[in-house]
Structure formats: C-alpha cells, structure tokens
Engineer: 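Let me begin by handing over the structure; questions about it come next.
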Amino acid sequence: MTGAKKKKKSMLWGKMHTPQCEDIIQWCRRRLPILDWAPHYNLKENLLPDTVSGIMLAVQQVTQGTFALTSLISANAVERIVPQNIQNLTTPSNTSVMGLSDFEMQRIHVAVAVSFLGGVIQVAMFVLQLGSATFVVTEPVISAMTTGAATHVVTSQVKYLLGMKMPYISGPLGFFYIYAYVFENIKSVRLEALLLSLLSIVVLVLVKELNEQFKRKIKVVLPVDLVLIIAASFACYCTNMENTYGLEVVGHIPQGIPSPRAPPMNILSAVITEAFGVALVGYVASLALAQGSAKKFKYSIDDNQEFLAHGLSNIVSSFFFCIPSAAAMGRTAGLYSTGAKTQVACLISCIFVLIVIYAIGPLLYWLPMCVLASIIVVGLKGMLIQFRDLKKYWNVDKIDCGIWVSTYVFTICFAANVGLLFGVVCTIAIVIGRFPRAMTLSIKNMKEMEFKVKTEMDSETLQQVKIISINNPLVFLNAKKFYTDLMNIIQKENSCNQPLDDISKCEQNTLLNSLSNGNCNEEVSQSCPNEKCSLILDCSGFTFFDYSGVSMLVEVYMDCKGRSVDVLLAHCTASLIKGMTYYGNLDSEKPIFFESVSAAISHIHSNKNLSKLSDHSEV
C-alpha cells in the first residue's frame, strides 16, 4: 500500500514537472519574437515603407558604422594592449586574413575579444535575470552619460576635421589633453581639410533640416549622406587630393566577410574592464531607446530579453571579426522619420550592407577622412542636443539636474562606464538619504475611497469617483510599480467590495514596502457597462519626488485621458505643479490641480451635474 502511494505520488510529481508543449511554444515566441510577428506580416501595407527605410538605414550604417560609444570603449583596449608605436616592429604576413598585416590583425583580435566577453557578460546577466535591476539607471543618468559619450566621439574626430596628425591620447582627463594638443599645434591644421569639413557639415545640417521640415510632403527623403560620400570620393579621385593637398583618405577596405574563427581566449582577462563597459553601457543605451519606442508605440518590452538579444549578437558577430554593437539614437530616429513599420526594415538594411561589403566597399578608398568625420559629428546631433534637458531637469527636480551635471563631468573626465557607475551610485545614495527623512513626517493613512452617484440625465448610469491617497515618495525606485498598480485599478471592470478592515493591510511604513507605492488596488466596486470614471489622486503623501516620478504622473494623466478617465490631483505642492506643468502637455482647458480632495469632489459635482452622493466610505 505504501509502495503504491509512493508510485502514485511519483507519477503526479513527474506530471507536474513535465514541460507542456504550449509552454515550450510560448517560451520560444518570447525568446524569438520573429516567430510571433512574422506570420502576420502584411506585405501589401508594410513592405514598401520597410524597404525604403531599410535602404536609408543602410546608407547610415555604411557612412557611420556601428554605435560610436562602444567603439570608443573598444578602442581604449586596443590602444592599451597594441599601441600604434609598435607598428614598425611588425612585418606583413602572407597568411594574414583578407590581406591585413600582423599589426592590424593583433588590434582586431583585441576588439573581437572585447566583443566576445561583453556578449558573454550580457548573456550571464540574462541568466541571472538582472534586467529588472536596470530601474536604478534613471533618465537623467542615461541622458548625461550618452551626451558625455557623444562629446568624446566628437573630440575623437577633431584631428580628422582639422587634418592634423595627432598621437592617440586616452585615459583620465584625456579629453582635455586632446584639446591642449590641438591648441599647442594649431599651426599644423590643414586649411583644405578644415574648409571641406565646414562645407560638409553645413550641407548635411541644412539638407537634414529641410528633410525633417518637409518629410510629410515628400515620400522619400534625400539621402544626403550617400550623395556626399559619392561626390567627395569622386572629387578626391579626380583631383588626387591625397597627394596634391595631403588629405587623409579612408584607404583600402577589405572585401567580403572573413571565414568564422574563434576569438582569442588568451587575452580575455586583459580586456575584462572594457568588456564590462561595453556590456553595461551598450545595454543601457539600447534599453533607453527601446523604452522610448515602447512608450511611443504603446507596447511593452522585456528587459531580460534585451540582455539575451544583445549578448548573442555580440558573441556570434565576434566569430566574424566584428567589434561590439548596440542600438544608436541616429539610426532609431532615421527609422521613425522614414516611416518604418516593422523589423523587416532592419533585415533589408542588413542585406544592403552585405552588398556594400562584397561589392561597393573598395570604391570608398578615396573618401576623405574629414568628410567621414563630418558625417559622424552631424549624426551625433541628437545626442548632443540633450544639453537642452538641463532646463527640464532644473524646473522639475534640481537634484536630478545636479546628478546630470556631475554624471556628464565624470563621463568626459574619465569614461562612459565610469560616468554611468557614478550616476547610478549617486542616485541611489541620494534616494536612500532622502527616504528616512520622509518617513518621519506625519503621514495620513487615508487609502482608496470610492463614491457612487446617479446623474440627473440617466438614473441608470453611475458616476464612479475613485480617490487614491499616495503616501510614499514617488521616485525612480517605485515609479514603474506605481504606474502598473494604478493602471490595474483602472482596467479592472468587475471586482467585489472589500471590508474596511482589509484596507489597513495596504499601509506602507518601511522603505522596502514603499517600493510598491502604498496603494490598495484590490477594492474597486462593481462597475456598470456605461460607467464613467473619475480619479482623484491625493498627493499629500508626496514627501518628495524626482524627475522619474513626475514623468510617470504625467504619463498616468495622459493614459487615463486616452481611456476617457478624468484625473484630478489634490494637495499638490507648488514644486509638483511646476514640474508637471513644465514636463507634460497637460490639458489647459480643464483644471486638474486642487487644494483639497473636497474641492476636487465639488468640481466633479458641479461639472457633471451630479445630484446624489452615495456609498461614501472613508478611513
């Protein structure tokens, strides 16, 4: 009898833990999103705009290459391990890949090692499910880090813009040493390169602005980058600028893709610092763009899936001598402006890039480096104009403004990964310092309340008013959870009432519990099909907030507005009103800020012509 019971228990246990076919399919769709959207691809509506966008993206890829930030981090490892001053000590080899010298192959091997190890770190972070921890990287930190990195990239192109011969300068304060060297050797600037650089920048900026201004009237924007490359290369070839004026050109470009080869494992330990920089900085910059796209087109992203995608991308490409990659703001903005519909645009772009690598690449030999540098600098415009964010942060939260400035300074003084680390540590330290002071304040333990009233026009229609008191600081730590809980309350259509005794379970008195925003999201009364809902947020418990909290409040307001839910805010401080007004495009025709909850209720009563108030419960 005992044996039979054990056997039955064993069978039940095995049945419980046997993966079901549906679970496997769902896992594959989650990890390979193409399996989900490709079968539903609409050829008639999406193929043409995706093709046009893909071609335009390929033009950008050819002219600017991969993400400049991860390229700079890789270049630090390359110059540290295989500096340029040993070039004369190496001799060409007949067995080199694609006609490259031993010196060039050594430098490529270092960059490949950074790419491979960075990808391994990203996959390990996916396995450890560390994607959810990226909420500590706030928008001001990302903005400052990427702006500082863009400043570094522009600085790295100065020698090409001016036509100067300059030794490679890196390390702490290398940014300032570069400009010191430029001013000390200002007489070595080639006037021809400077004039050609200025002309290229003016043409690029002017045409791109015209494209942006008239993009709604024209179906296909002018690929000015490609036109400039062709024109400059042809002019350089015809006039022999390389020998006549001493202009530096791109030179020989290997044709085709090398056969796969394992990355050099013997130097992985020497590049671990740069590999971590590539893994974290590349991921954070890519995630910021992904989150912006998700917000723009109303979909959600999986933070851990992003780790897996970028990790595998770097690992696989490292076997083909590729440097680390990441998403780039210029390419993303280009896809937006050219009307891309799906990821097929990126696939088409890859096909055209392969065509360039196998057929057109050698024709770029005569492209002047000053023109290529101009294209790169103009392509960073979107990241450089993030300086304008300073005014926004100053008006919303001056502490976030200080974090932005300090993160930017650390980035340009040291490196992007150092600036990112400083920004995250500084943000966490400030929040931890502010939370205990906030918890000592007198907090009202007023939770969610609900009113039901009947209108004079239709006695069968109920006007539902929900009052939610937020009794914790709203910062980057709990902003996303606050949004999720609030949306769950609004989306819930049929829920049962809870006894008032259960409301006390929602009280938040510790730092750990405060991360879940302190709202009771379970007590929503039964709704009617034609019910109109108004939401009052009692902000008296907002002891402090940051930029992320303000932006999330504005996002809540805009989303509720789209769902025909009126949002009113009570007990708002002057700084909160100023921050929300400055940040968001709020409805100026309807008042949303009120001195008290009763004032907000009175406004709803008078505005909706309410006649009867019932089911009033308050803690």
Side-chain angles (χ1 to χ4, degrees), residues 52-68 71 150 153-164 189-215 218-253 328-338 348-349 352-357 359-385:
V52 173
S53 297
I55 295 174
M56 298 301 296
L57 181 62
V59 171
Q60 284 187 305
Q61 290 287 81
V62 170
T63 55
Q64 300 177 26
T66 186
F67 187 46
S71 301
V153 175
V154 171
T155 302
S156 69
Q157 301 300 312
V158 166
K159 62 180 181 181
Y160 300 117
L161 295 173
L162 302 178
M164 295 178 62
V189 173
R190 288 191 176 275
L191 185 61
E192 298 85 356
L194 178 61
L195 292 176
L196 188 56
S197 299
L198 291 174
L199 178 63
S200 300
I201 291 174
V202 170
V203 170
L204 288 168
V205 172
L206 182 61
V207 176
K208 286 179 181 290
E209 288 296 326
L210 291 175
N211 282 340
E212 185 67 23
Q213 186 174 355
F214 296 102
K215 64 180 181 181
I218 54 178
K219 294 183 178 180
V220 180
V221 297
L222 177 65
V224 61
D225 297 0
L226 181 61
V227 173
L228 182 62
I229 286 175
I230 295 174
S233 301
F234 183 74
C236 183
Y237 172 77
C238 293
T239 59
N240 195 17
M241 290 184 184
E242 182 182 13
N243 298 320
T244 305
Y245 302 105
L247 290 182
E248 186 177 357
V249 296
V250 171
H252 171 69
I253 298 177
M329 183 179 293
R331 317 306 185 268
T332 306
L335 288 174
Y336 290 159
S337 61
T338 52
I348 293 174
S349 173
F352 275 89
V353 170
L354 282 175
I355 294 174
V356 171
I357 290 174
I360 305 176
L363 299 179
L364 299 177
Y365 177 95
W366 295 99
L367 176 64
M369 288 297 297
C370 60
V371 175
L372 182 60
S374 301
I375 295 173
I376 293 173
V377 169
V378 174
L380 293 170
K381 173 190 169 187
M383 299 175 74
L384 292 173
I385 62 176

Engineer: Rounded to the nearest 0.5 Å, how far apart are CG of Leu198 and OG of Ser374?
Structural biologist: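 So the gap between those two atoms works out to 8.0 Å.
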Engineer: Look up atom CG in Leu204 and atom CG in Leu199, then write down how far apart they are to the nearest 0.5 Å.
Structural biologist: 9.5 Å
Engineer: Tell me every residue that passes side chain to side chain donor-acceptor pair (under 3.5 Å) with Ser349, counting only those two or more places apart in sequence or in another chain.
Structural biologist: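 By the side chain to side chain donor-acceptor pair (under 3.5 Å) rule, Ser349 matches no residue at all.
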Engineer: What heavy-atom pair brings Ala150 and Met383 nearest, and what distance separates the two atoms?
Structural biologist: CB-CB, 3.8 Å
Engineer: Walk me through it: do Val203 and Val227 pass the test side chain to side chain contact (heavy atoms under 4.5 Å, CB included)?
Structural biologist: CA-CA 11 Å; Val203 170; Val227 173; over 6 Å; no
Engineer: For Cys236 and Leu247, run side chain to side chain contact (heavy atoms under 4.5 Å, CB included): C-alpha distance rounded to whole Å, both residues' side-chain angles, the deciding distance at 0.1 Å, then the answer.
Structural biologist: CA-CA 9 Å; Cys236 183; Leu247 290 182; 5.8 Å; no
Engineer: Atom CG of Leu161 and atom CG of Leu196: how far apart are they, to the nearest 0.5 Å?
Structural biologist: 10.0 Å
Engineer: Please report the interatomic distance CD1(Ile375) to CG(Leu380), rounded to the nearest 0.5 Å.
Structural biologist: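 It comes to 12.0 Å.
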Engineer: What distance separates Ile230 CD1 from Leu363 CG, expressed to the nearest 0.5 Å?
Structural biologist: 10.0 Å
Engineer: Taking all heavy atoms of His252 and all of Tyr365, pick out the closest pair and write down the distance.
Structural biologist: N-CD1, 3.3 Å
Engineer: Hey, mind stepping through Val371 and Ile229 against side chain to side chain contact (heavy atoms under 4.5 Å, CB included) and telling me if it holds?
Structural biologist: CA-CA 8 Å; Val371 175; Ile229 286 175; 5.5 Å; no
Engineer: Side chain to side chain contact (heavy atoms under 4.5 Å, CB included) for Val249 and Met369? Distances and angles first, verdict last.
Structural biologist: CA-CA 5 Å; Val249 296; Met369 288 297 297; 5.7 Å; no
Engineer: Can you pull the salt bridge (Lys or Arg N to Asp or Glu O under 4.0 Å) pairs that have at least one residue in residues 363-381, sequence neighbours excluded?
Structural biologist: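 Qualifying pairs, neighbours excluded: Glu209-Lys381.
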Engineer: To the nearest 0.5 Å, how far apart are CG in Leu372 and CD in Gln157?
Structural biologist: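 Spacing of CG (Leu372) from CD (Gln157) equals 7.0 Å.
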Engineer: According to side chain to side chain donor-acceptor pair (under 3.5 Å), who are the partners of Ser233, at least two apart in sequence or on a separate chain?
Structural biologist: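 Partners of Ser233 by the side chain to side chain donor-acceptor pair (under 3.5 Å) criterion come out as none, since no residue qualifies.
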Engineer: Ser156 and Val153: which non-hydrogen atoms are nearest, and at how many Å?
Structural biologist: OG-O, 2.5 Å
Engineer: What closest approach, in Å, do Arg190 and Gly246 show between heavy atoms, and which atom pair accounts for it?
Structural biologist: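 Here Arg190 and Gly246 meet closest at NE-O, 3.5 Å.
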